[in-house]
Structures are given as structure tokens and as C-alpha cells.
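Reviewing the structure listed below.
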Amino acid sequence: MLIRYGFICLLVLFAESMLMAQDSAHTKVLFEGPGNFKTFSGKAYQEKSWKLCVDDYIYKDFYPVLKDKNDYKEPKMPAPGKMHPTVGFKKFVDTQFHVNRTFFSCRVLETKRFDQLDKNFQSVKSVIDLTDWRGHEVLRVDIKSKGDLALWWCLIDAYLQPPIVGNFTLKKDTWYTLEFDLDEAVKKRKLDLSDMQQTWLGTGPGALGSIANLRLEKRSVKTTYPVLKDPKAFDLPDLPEKVAAPKLDIKADVTPLKETKLLTFNAAWETRLNDAKSNGLVAIFDQNHVFVLHKLYEAYPRLTADSKVKRTQYNKPLSELFAAQTFDGGKTWVGMKGDKEPTFIYTNRTERFKIIDNRGDIISWNNNGCGSKPFGPWQRMRKYSFEGTKGWTRWKQDRVLEEEARHCTHGTMDFVRTPDGRIWGALGVEGRWAPPNFINVHAKFSDTDGKHWISWNPGFTSRIPEMTDQHPAGIVPFGKHVAVVKRNHFKSKEPAAWTYFDGKKWVKPMTFPTNYINSVESVGKNNETIVVATYTKGLGVVSWDGESWNTELDENVKLCKSGDTLMALAVDDKKNELNVYHRLPDGKWIGPEVIGMEATTDIYIPRFCPANLAAVAYVPKENKKQIKVLMVPNKLWKEAQ
């Protein structure tokens, strides 16, 4: 009898073990717990295969916005001749952008990028099959909070942008199982289960609790705790309504210039405009309204190595920029708030600037350093807008330009406002799918004057297919949309490439005559001609006629769009002369007109200028405390037009 009973027990145990084995076959464990989480300030730390850190970004909705927690006061410029004091404000370190959201980033999924960067980013080594979720129906995780808590959970594959985000509410001291229905994600958002990249859990401030058992399962597998779902997690928000650029309360003075006009800005110390050590610019609305962004070099006492003998070190560059503007053609200069001194602009040493149209609007971008936060170093942007009688104003907060970077975004970018008012941007990004140090070309647009940035393919990555290992050189109006010209990677011997957007997709990239591209512009009827100035001797200015590239000018020039006229400007340093060319509607150039000018240390030629002039801004060798703007008449402009 005992033997028979024991045999029955063995059968029961065997059956139970088979059922357990069947259930376990439906489960892929990505993380076992429990692990604790909490909000804190300071550097990120690692806990098993999860990384917990406080990030400096808020994913508010489909179109995220960065918010400054602590604004700073811009210090006034000291009087000329006095020592420059220590910068009198708290720098924009990451903590000033904290909005107290805490992220769990599951590094075990980042096999394609972060395994190769383990030493730099403390990522966890993983096996490649963790990126393949096919054959599973739900993603689940068990979580408990010590207080009532709202949190969000994010999923991202190699192509979605923005990622899938679910919102959940937890009651205190209660275990829950959060769940994503992967079949719904595939159906509604086309999630690629074969190439998953990351998953994040984000909490609000003051969160304390435990987390365990991140896993992939079949729906039939029973859960221990109540299941929470977000039915709206897979809904892609509508695009924001279009917003036109603000109307100006003044009109540009575009009366034809009879002769060249020189405008002078006097800086406090030796200055730089746009050489290898600076990234300033000059924007022009008309001959009366001019904006100058420049760097200063100061002289100050410094101790020698033995700290006993003082010496004076000159030409010490400030890491930031100063902004000044004039409303009366250079007679008087003021800061951006109308004060007498130029405005100090903190740039975090990585900010770059582009003029986007002939009203003088400017876009700057800044990645706030390198590294791997849960979202990577998101590319941020600000806008400097010309607002008529107010002059140039600067946004008080950054906007998120690109959220899919996984390392430093490249400094070479370009932006342009097309005739329909849309702003397009071409970006160089180390994206989620690429190996390290591999720049991918991305394109995004904004119909809200720069406030929201959308992928050219809404809902998916902004990467342009096949435009890889490239650095953006220019984006220009072309047809009804835009074209992008790219220089190749500096180590590559292959020629650069270009492509254009047809409204639905980018055409297959085409070969460009050289890697070394100076500036790009689009001219002609309906913007159907691309004209490019190159650095390579023998090419000069080339244009696309619909079938091939043809040389138009054999000279190293910079292009400037004066209204609808394309002008080319070349500074001859040996002769201290400026050569000026005008492009006729049929593609022929007239010139050069030779204009004498001073010897320069560095120059800047705006890509866009008013309809009646083109300009060259420079620092004279004889007086490095000045920035001069030489305005050259557009001889093809007639006010009656």
C-alpha cells in the first residue's frame, strides 16, 4: 500500500514539475530581484544589471521640453581695462536641469552599443539574444512602492521615435505586476521585437520601494500580484498645430545701397569672431539692425609654478560668448535686454550656432557633454529670434532637438527655414543602432517655429537611410521640401553624398564631387537648383542641373543668399581685397567686383542677408578689440521688386 501511495506521489510531483517546466519555457528572465530604488542626488551607481540615476530631462509628452530648475543671472561686463572677475554665477551643471525623475535603465538590452563601451559607461555585459523578444507575448515586472506613486515605463527598439511610454499609478506598500502587451505594441506602433534596445522605469521625486523579476512571458503564465496596464501606451500623439514665426512690428530697410557700408563694434578686450577657437557669428536683419556674438580674450595676473613671482598671461580665452546688437547701424550697441553692456552667454563650451533665414533668426544646439545617461546626451537647442523693435531675444529654456543619441552628438549641423515657414534641421548623431564613433545623418522638422521637433518619418527614427559615417554639411530648400549634402567621415576616402526628400522618403544617396564642402545653398525657380561651394581646389562652386554636378566658379568662396540673389564672397588675405560675385537667374556669374579691405585675423560671412546686401564680418589685425561688418550692395536688387 505504501509503495502504491509513494508511486502516486511521484506521479503527482512529476506532473507538477512538467507543468512548471512548461511555464518556465514561456518565461525569459531579464532581471531577477528584488532590488531597491530611491531618489537621490549625485553620481549614478550600479545595482546588479540595473542602473539607477537621476537624469536631467523630462519626457513630458511626444515632444519633450527641457525646463530650467534654477535660472541664472547674467553678469554684467566689467569696464574696459579692468580685470575680469571670476564668473559670477553658478554654471549650468547637470543638477540645474534636474526635475527629480529617477530612471531604471536595463543595460542588459544594450548589447549593440554599450557592450563595446563597458569601461566608459559601466554598462553590464550581456548576451545578444536578450535583444530578441520574438515568441513572447507580454513584458512584465514586479514592483512595490513605500508610498503612493505615479511612474512611467518606456520601451524602445532600434527604430521607434519617440519610444513607447506607459503610465501607471501604485498604492503604497502593495506589490503589482506592470505589463506591456507586445502584440499590441507590434500592431499599433510596429515595435520590432527582433531588435529591442532598452527599457526604462521612471519615478517621481521621493520614490522608495522594491523591484523584481523583469521578464518576457506568455499571457497564460499566471501572476502573483495584480496586473496594471496602460491602454494608451501605444497611442502616438497627434502632431502639434502649426505655428507661424511671429510677425514683426517693423519692416526691413531694403533700399538699394549705392556703395559699401562699414559698421564697427568696439569690444572690451581683444576679441574673436569665428576662428578655430570661437564659434561666434553676425546676423543682419537690415543695415540698421545687426547682432554680434563674439568671444573675448582677457589679460590677467597669474602666479608662476613656485607661486611666488607674479607674471601677466595674455590672450587667455573666455570659454563663453558675449552678445551685442545695434538698432541704428552701429552708432550705439546694447545687450540683449537693452542694457549698455553686452550680454554674457553661457554655452557649456559645446554650443554652436546657425542663421536660418534672412530675417536673422538663429538656432543654437548643445549636447551638454558626453556620456551615457539613460537617454544618452540628448541634443538640445535654443532659438535666438529677431523680434522687431525688441531686437534679438534668447529663449529662456532649451528644447529637445534629438532624443535618440547614444553618445556625443556631432557639432556639425545645419538648419534652414523653407518658404512654407517650416524649419528643417540636419544632424550628425551616433544613433542607437550604430557602432561607436559612427555618425548617422538625421533630419527633423519643426512647424512650431522650433518649439517641437519631429522626425521626417513621425513615430520612427529620424535617421536618413544609407547616409552613414557622414557629417552634415548643409540642408537647403529643394523642390517642395529639402535636400541634404554631407561631407564624409574625415578618415574616409570615399566621396561625400547628397539626397533629397520627396515628401514621403529620401531618395537613394548620390555621389558628391568631393568630401570638402564649404557652404550649401539652393536657388533657382521653385528651389530646383543646388549650388555648393567646396574647399577642394579645382571645384570652387558647383551646381546640380538635374543630372550631374557642373563647375560654375573656380575659386574658394563663401555663399551668401541676399534675398533671392546668391552672392559669392572671397577674401584675399595677401592683397587685402574682397572679391564679390553675383549669380544671375540663368546660372551665370558676374564679377568679381574687387573691394579693398583691412588685413583680418578671422572672418565670418552670414549665409543669409537682407535683399539689398551681403556682408563680411571680420576682426582687423591692427585693432583686435574691434569687429567690423562690411556691407556690400546686391547689384541685382531693385527696390521695386
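Only a predicted model underlies this, so the values are computations on that prediction, with no experimental measurement involved.
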**Study point:** Contacts of L248 that satisfy side chain to side chain contact (heavy atoms under 4.5 Å, CB included) - sequence neighbours left out
**Key:** F285, R359, F386
Point to revise | Residues that V243 engages under side chain to side chain contact (heavy atoms under 4.5 Å, CB included), provided they are two or more places apart | key: T448
Sequence neighbours excluded, which residues qualify as salt bridge (charged side-chain N to carboxylate O under 4.0 Å, His left out) partners of [X]?
X: K508; result: E466
X: R422; result: D447
X: K505; result: D502
X: K444; result: E402, E403

**Study point:** Summary of ring pair (Phe, Tyr, Trp, His ring centres under 6.0 Å) pairs that have at least one residue in residues 518-564, sequence neighbours excluded
**Key:** W498-W544, W498-W549, F512-W549, W544-W549
Is a salt bridge present between [X] and [Y], judged by a nitrogen-to-oxygen distance below 4.0 Å?
X: E598; Y: K621; result: no
X: E622; Y: K624; result: no
X: D414; Y: R607; result: yes

Exercise for review: Identify the heavy atoms of P472 and L427 that sit nearest to each other, and give their distance.
Suggested key: CG-C, 3.4 Å
Check your understanding: Do you know the tightest heavy-atom contact between W456 and A443?
Key -> CD1-O, 3.2 Å
May I ask you to check whether [X] and [Y] place their ring centers less than 6.0 Å from one another?
X: W333; Y: F265; result: yes
X: F415; Y: W365; result: yes
X: F501; Y: F478; result: no

[X]: what forms a side chain to side chain donor-acceptor pair (under 3.5 Å) with it, not counting sequence neighbours?
X: T389; answer: D249
X: T418; answer: D420
X: K480; answer: none

Would you give me the side-chain donor-acceptor pairs under 3.5 Å for residues 560-571, sequence neighbours excluded?
from : atom 1 : to   : atom 2 : distance (Å)
K561 : NZ     : S522 : O      : 3.3
S562 : OG     : P610 : O      : 2.8
S562 : OG     : A611 : O      : 3.2
S562 : OG     : L613 : N      : 3.3
S562 : OG     : L613 : O      : 3.0
S562 : OG     : N634 : ND2    : 3.2
T565 : OG1    : N634 : ND2    : 3.3

Exercise for review: Sort and list the pairs that fulfil salt bridge (Lys or Arg N to Asp or Glu O under 4.0 Å) and have at least one residue in residues 539-558, not counting sequence neighbours.
Suggested key: E552-R583
Exercise for review: State whether a side-chain donor-acceptor pair under 3.5 Å links T264 with Q626.
Suggested key: no
